[in-house]
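Have a look at the structure below, then the notes.
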Amino acid sequence: MNKIWLLGASACMIIAFGSCKPKQSAYRAAYEQAKEREATAPTQVTIVDNEVVDISPVSKPPTSVEATRVERINAVQGEDPNRLKRFSVVVGSFRNKTNAYSLKDRMVNDGYSAVLAENEQGMLRVIVASYDDKAQAASSRDAIKAKYSPNFQDAWLLERPN
């Protein structure tokens, strides 16, 4: 009797797990949507001497409408506070000083003038660039994300209050 129950339970499990595979139609629908978006994307045609030279999709520059995080920060002892402007690009936040200094040293070795700053809650922010203009800071953040992809995808903008 126990063998019959065991055989029945294992047959049910095989049927249940066998029906969990993804359906081909779901992949096909996603593929069709992507092709449709590609087909409706605006294109740029370059014509030289009545001949079509280049047909390429028009791409928008990577811009971000992300809000900035507003915090009061102060440069860590030994850092130059004059290098902190109104908008800063933060690539790391740490409570552990060793980790913060390690990331700062890595970014300095890569050519950035990284600065450590501390907020009111005691978090150490590793700042790689600082600007008075938000657009410049956002552009710098996007460039860092692109350069270090997939690392630093969570880089963000910090705004110091006036």
- Thr68 versus Phe87: any side-chain heavy-atom pair under 4.5 Å? yes
- Message: According to a hydrophobic-cluster definition based on side-chain heavy atoms being under 4.5 Å apart (Ile, Leu, Val, Met, Phe, Trp, Tyr only), do Val76 and Val89 belong together?
- Response: yes
- Where the side chain of Ser130 meets the backbone of Lys85, is there a donor-acceptor pair that is under 3.5 Å apart? yes
- Query: Are Val90 and Val126 close enough that some pair of their side-chain heavy atoms sits under 4.5 Å apart?
  - Reply: no
- pair Phe94-Leu116: side-chain heavy atoms closer than 4.5 Å: no
- Query: Are more than 12 heavy atoms from other residues, nucleotides or ligands located less than 6.0 Å from atom CD of Gln77?
  - Reply: no
- Item | OG on Ser93 to CG on Asn99, rounded to 0.5 Å | 12.0 Å
- Message: Does the structure place the NZ or CZ of Arg69 under 6.0 Å from the centre of the six-membered ring of Trp156, at an angle of no more than 45° from the ring's axis?
- Response: yes
- Message: If I take atom OG from residue Ser139 and atom CG from residue Asp133, how far apart are they, to the nearest 0.5 angstrom?
- Response: 10.0 Å
- Message: Run the side-chain contact (heavy atoms from CB on, under 4.5 Å) test on Arg83 and Asp80 for me, step by step, so that the C-alpha distance in whole Å, both residues' side-chain angles and the decisive distance to 0.1 Å come before the verdict.
- Response: CA-CA 6 Å; Arg83 291 180 24 211; Asp80 183 11; 3.5 Å; yes
- Nearest atoms (heavy-atom pairs only) where Ala137 meets Tyr131: CA-CD1, 3.5 Å
- Task: Answer yes or no: is there a side-chain heavy-atom contact under 4.5 Å between Glu118 and Ile73?
- Result: no
- Does the pair Glu71 and Arg125 meet the rule for a salt bridge (charged side-chain N to carboxylate O under 4.0 Å, His left out), with working shown? CA-CA 11 Å; Glu71 288 183 352; Arg125 308 295 193 194; 2.5 Å; yes
- Message: Determine whether a donor-acceptor pair (N or O, by modelled atom type, separation under 3.5 Å) exists between the side chain of Ser10 and the backbone of Leu7.
- Response: yes
- Student check: side-chain heavy atoms of Arg72 and Asn119 closer than 4.5 Å: no
- Between OH of Tyr112 and CD1 of Ile127, what distance do you get to the nearest 0.5 Å? 15.0 Å
- Task: Drop me the distance from Asn74's CG to Glu79's CD, to the nearest 0.5 angstrom.
- Result: 12.5 Å
- Query: With a 4.5 Å limit on heavy-atom distance, are the side chains of Leu103 and Phe152 in contact?
  - Reply: yes
- Query: Can you check whether Met107 reaches Tyr148 side chain to side chain, under 4.5 Å on heavy atoms?
  - Reply: yes
- Message: I want to check something: taking the side chain as every heavy atom from C-beta on, are Val115 and Leu84 in contact at a cut-off of under 4.5 Å?
- Response: yes
- Message: Which heavy atom of Pro81 sits nearest to which heavy atom of Ala75, and what is that distance?
- Response: CA-CB, 3.8 Å
- Task: I would like to know whether Lys97 and Leu124 meet side-chain contact (heavy atoms from CB on, under 4.5 Å); could you show each step before the answer?
- Result: CA-CA 7 Å; Lys97 288 185 178 187; Leu124 293 170; 3.5 Å; yes
